[in-house]
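First listed ligand is number 1; within each ligand, the first listed atom is number 1. No hydrogens, no waters, no symmetry mates; every other heavy atom, side chains included, goes into these values.
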Amino acid sequence: MEYRNLLDSVIAHLEDLQARGTQHVAVDRDLLTSLSQRPSATPNPAPTPSKGTLSGVPLPTGTRLAPEPFAIPATETPLRPIASAVMARWGSVSGAPTPPARSSVAQPPLPPKLDPMAKAVAWEDLRRRILACTRCPHLVASRRSVVFGVGTPDARLMLIGEAPGADEDVQGEPFVGKAGELLTRILGAMGFQRSDVLIANILKCRPDTPGQTAGNRKPTPEEMGTCLPWLEEQINLVQPEVLVALGATAVEGLLGKTVGITRLRGTWQTYRGIPLMPTYHPAYLLRNQAPSEKRRVWEDMMAVMERLGMPISEKQRNYFLTR
Ligand code: SF4
């Protein structure tokens, strides 16, 4: 991976954690020192990623990035040494232990599909049980809503996010607010409305932030493990043809993989026999507005469309590209 891409990914991850309200991260001081020094020799300097390249591959002469179907204003992300960026943004580095990562998640086989009537009854029964869930007393104490999910249980495509944020907690619906609006635009570019798919989260209740009045935090592995059976039940009933995991936490919750989303996105995975496409969380695109990043997400979505047997027009294929 190019140094710049690695650096941008680390900074984006730290900013994501900070936005969720995390105040400290555990970083080995020797590692921090070594990361603070940019490689002294770069045999092949990294090209500027957003113009004339796609995923690092040079595009034909004259190629320009195209008008965007889910456009957001573009700004430059300056290159900063990791350590100075960390220290500038975080102020301190603690030695707090990091929760152990799950190395794998059991993938029970899907049950037989239900007939439409039985499925509708089971879906409403599942909704009733999830909305009444009190398995996490600390989250029950702070939540305003249990966010069941939105869309249709007959969806061919199911998108999985991380956990409700403040807006979702208030409205009781996943992916509202700016990231949700962007996801809706991405779905629209694919030819879907939100009601055509099913959108849900790994965690159904907003992670609490004790002592803080604002901010979000990533769910703990224990919280994800406690709530995952609800999502498994949803998937049992929906049995989508394709799953999309939006962001690293969704991948970790579903697959137990803590590999960076930058490495995993765009590569087909399997969850309980269902093809799963990992891609960036829309919130990442709001932070990193490089057209090349939007194109990467769009390529992931086109792969999903192809998997679903959906036609892709020339116009769609050229989103973010013009010749
Ligand atoms: S996070 Fe999930 S398991 Fe925990 S209380 Fe909410 S619905 Fe229940």
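The protein non-hydrogen atom at the shortest distance from atom 6 (Fe) of ligand 1 is Cys205 SG, 2.3 Å. Remark: minimum distance from atom 5 (S) of ligand 1 to any protein heavy atom is reached at Cys136 N, 3.4 Å. Of all protein heavy atoms, the one closest to atom 2 (Fe) of ligand 1 is Cys227 SG, 2.3 Å.
By the criterion of a heavy-atom distance under 4.0 Å, neither the backbone nor the side chain of Glu223 is placed next to ligand 1.
Classified by interplanar angle (parallel below 30°, tilted 30° to 60°, perpendicular above 60°), the ring pair Tyr319/Trp298 is tilted.
When distances to atom 4 (Fe) of ligand 1 are checked against a cut-off of 2.8 Å, Cys133 contributes no N, O or S atom below that limit.
The number of heavy atoms from other shown groups lying within 6.0 Å of CZ (Arg144) does not exceed 12.
Under a 4.0 Å criterion applied to the non-hydrogen atoms of Arg143, ligand 1 contributes the atoms 5 (S), 6 (Fe). Atoms of ligand 1 found under 4.0 Å from any heavy atom of Leu139, numbered from 1 in the order shown, are 1 (S).
In this structure, Arg128 does not pair ionically with Glu124, as no charged nitrogen and carboxylate oxygen lie closer than 4.0 Å.
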(request) Kindly indicate, with the supporting measurements, whether the criterion salt bridge (Lys or Arg N to Asp or Glu O under 4.0 Å) is fulfilled by Lys178 and Asp167. (result) CA-CA 10 Å; Lys178 283 188 166 48; Asp167 292 333; over 6 Å; no

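At least one donor-acceptor pair closer than 3.5 Å links the side chain of Glu168 to the backbone N or O of Gly165.
Partner Glu223 forms a salt bridge (charged side-chain N to carboxylate O under 4.0 Å, His left out) with one of Arg217, Lys218, Arg135 and no other, that one being Arg217.
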